[in-house]
Trainee: 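Below is one structure. I have some questions about it.
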Amino acid sequence: MDWIKPASRIQTLPPYVFARLDELKALAREQGLDLIDLGMGNPDGPTPQPVVDAAIVALREATNHGYPPFEGTASFRKAITNWYHHRYGVKLDPDAEALPLLGSKEGLTHLALAYVNPGDLVLAPNPAYPVHFRGPLIAGGKVHSILLKPENDWIIDLGDIPDHVAQQAKIFYFNYPSNPTGATAPREFFQEIVTFAKKYDILLVHDLCYAELAFDGYQPTSLLEISGGKDIGVEFHTMSKTYNMAGWRVGFVVGNSHIIQGLRTLKTNLDYGLFAALQSAAETALQLPDEYLYQVQERYRQRRDFLIQGLGELGWNVRKTLATMYLWVPCPPGVGSTDFALSVLQNTGIVLTPGNAFGSGGEGYVRLSLIANCDRLGEALSRLQQAGICYQ
Ligand SMILES: *Cc1c(COP(=O)(O)O)cnc(C)c1O
């Protein structure tokens, strides 16, 4: 049936680098390589036991077996707004200002479908989490990429956006702490972007999926704790990272009630929301004692320090990240991202993500995920050393 062509919204998407990487990984496995996969953002630990237990209890409950309410269960929405209050001191209305999602990726993309008309202009940084520009592209929007610069610590420079572009722009996707760069933005940046969005009437979409994976006392900023943030913005969260629940597909969006209503209207035509048993489990996760968070943070902090030290011995000068589960590492001078990632894979069995998977602005870098324990990271470092791969 090759005469039936997919819609152009699919055909015009740039290739998804992760899919290509998967093929190469499969090939390397066939050749018998013992892969150390630091490529994906898939946490390696189990879901916390109390969350699994809550899911089992909820699974046995017959009232959970039917269609869930479109807008999510009242108790999960309440848990979300309680968590916001506890974490950020922000008060939200659980009925109008919080909506559970089938993972934040789903919501980020559908938000674009709900708000972007063909030809509408969307602002997104480059490099970025691919969903932030692919969602708008699927919706037929035009994306104006804002090139991020290492000399600005990978923070968006709003001064780089020409006035006529800002005037046309409808939505602005951004994400700090950032995937892939690991960068964090100061509170003043959030204040500036709110002022910018108000001036030009732009909807701000902040992806705060690393709200809890922060180290050394750093506390990520929520758009909603910034004065005026809720007037023009929404914020996305995921259970995938902090709670090792990537396979459960649970996320949520909070913020401006009109914007959330638009997304909810679209979603009532697409899905029935999340299985109620999963919402019950997610609710338990949000209520875990802070002690759980400290353990998770400590695990990633140790890995970060271990890897930065080891890479330093191989000539890499990698700056300490204050958050996320990633290191953003420059390729040796003159080597492109894809070539470097491929040669590392072939010579060592270590999987890295080429920076250009996140847009042209990621060229010259690779992303390493801290998703292996220090033993495996140590093995990775010694393989790099043996293969003579260092920064020079
Ligand atoms: C991992 C990640 C997500 C999570 O997506 P889910 O669909 O909730 O698993 C969202 N945004 C960013 C920036 C991420 O790195």
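Whatever order the structure lists them in is the order used to number ligands and atoms, beginning at 1. What you are looking at is a predicted structure, and each value in this text was computed from that prediction instead of being measured.
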Trainee: Just which atoms of ligand 1 are under 4.0 Å from any heavy atom in Cys209?
Mentor: 2 (C), 3 (C), 10 (C), 11 (N), 12 (C), 13 (C), 14 (C), 15 (O)
Trainee: Under 4.0 Å from a heavy atom of Gly103: give me the atoms of ligand 1 that qualify, with their elements.
Mentor: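 It comes down to these atoms of ligand 1: 7 (O), 8 (O).
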Trainee: Strictly under 4.0 Å, does any heavy atom of Gly251 approach an atom of ligand 1?
Mentor: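 Flag not set, Gly251 not near ligand 1.
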Trainee: What protein heavy atom lies closest to atom 4 (C) of ligand 1? Include the residue and the distance to one decimal.
Mentor: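 Ranking protein heavy atoms by distance from atom 4 (C) of ligand 1, first comes Ser104 OG, 3.4 Å.
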Trainee: Would you call Asp216 and Arg304 a salt bridge, using N to O less than 4.0 angstrom?
Mentor: yes
Trainee: Go through ligand 1 atom by atom and flag the ones less than 4.0 Å from a non-hydrogen atom of Asn179.
Mentor: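 So the atoms of ligand 1 that pass are 13 (C), 14 (C), 15 (O).
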Trainee: Report yes or no: does a heavy atom of Ala246 sit under 4.0 Å from some atom of ligand 1?
Mentor: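 Under 4.0 Å: no for Ala246.
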Trainee: Could you tell me the residue and atom name of the protein heavy atom closest to atom 7 (O) of ligand 1, and the distance to it rounded to 0.1 Å?
Mentor: Arg249 NH2, 2.6 Å
Trainee: What residue and atom, counting heavy atoms only, is the protein's closest point to atom 11 (N) of ligand 1, and at what distance?
Mentor: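 Answer, as residue, atom name and distance: Asp207 OD2, 2.6 Å.
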Trainee: Which residue owns the protein heavy atom closest to atom 8 (O) of ligand 1, what's the atom, and how far is it?
Mentor: Thr238 OG1, 2.5 Å
Trainee: Taking N or O atoms only and a 3.5 Å limit, does His132 qualify as a polar contact for ligand 1?
Mentor: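 Such a contact does not occur with ligand 1.
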Trainee: Once you round to the nearest 0.5 Å, how far does CG of Leu327 lie from CG of Leu311?
Mentor: 7.0 Å
Trainee: Has ligand 1 got any nitrogen or oxygen that is less than 3.5 angstrom from a nitrogen or oxygen of Glu106?
Mentor: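 Such a contact does not occur with ligand 1.
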Trainee: Go through ligand 1 atom by atom and flag the ones less than 4.0 Å from a non-hydrogen atom of Lys105.
Mentor: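 Result: 5 (O), 6 (P), 7 (O).
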Trainee: Do Trp328 and Pro127 have side chains that get closer than 4.5 Å, going by heavy atoms?
Mentor: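 Yes, close enough: below the 4.5 Å cut-off.
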Trainee: Suppose we measure from atom 9 (O) of ligand 1 to each protein heavy atom; which comes out shortest, and what is that distance?
Mentor: Ser240 OG, 2.6 Å
Trainee: Kindly say whether the aromatic ring centers of Tyr326 and Tyr210 come within a distance under 6.0 Å.
Mentor: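 Tyr326 vs Tyr210: aromatic centres under 6.0 Å.
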Trainee: Should Glu283 and Lys78 be marked as a salt bridge (charged side-chain N to carboxylate O under 4.0 Å, His left out) after you check the CA-CA gap, both sets of side-chain angles, and the distance that decides it?
Mentor: CA-CA 9 Å; Glu283 197 179 316; Lys78 189 88 187 96; over 6 Å; no
Trainee: Salt-bridge test for Asp93 and Lys230: reply yes if a basic N is under 4.0 Å from a carboxylate O, no otherwise.
Mentor: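 Salt bridge absent between Asp93 and Lys230.
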Trainee: State whether Asp44 and Arg303 are salt-bridged, where the test is any N-O pair (Lys NZ or Arg NE/NH1/NH2 against Asp/Glu carboxylate O) under 4.0 Å.
Mentor: yes
Trainee: Could a heavy atom of Tyr210 be found less than 4.0 Å from some atom of ligand 1?
Mentor: yes
Trainee: Does Lys170 pair with Asp201 as a salt bridge, N-O distance under 4.0 Å?
Mentor: no
Trainee: To check your reading of the model: name the closest protein heavy atom to atom 1 (C) of ligand 1, its residue, and the distance in Å.
Mentor: Lys241 NZ, 1.3 Å
Trainee: Taking only Lys NZ, Arg NE, NH1 and NH2, and the carboxylate oxygens of Asp or Glu, determine whether Glu106 and Lys267 approach each other closer than 4.0 Å.
Mentor: yes
Trainee: Let me check something: do Ile156 and Phe196 share a hydrophobic cluster, defined by ILVMFWY side-chain heavy atoms less than 4.5 Å apart, either directly or through other members?
Mentor: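 Yes, because Ile156 and Phe196 connect within a single hydrophobic cluster, where side-chain heavy atoms sit under 4.5 Å apart.
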Trainee: Under a 4.0 Å heavy-atom limit, does Met239 contact ligand 1 with its side chain, its backbone, both, or neither?
Mentor: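 Contact part for Met239 vs ligand 1: neither.
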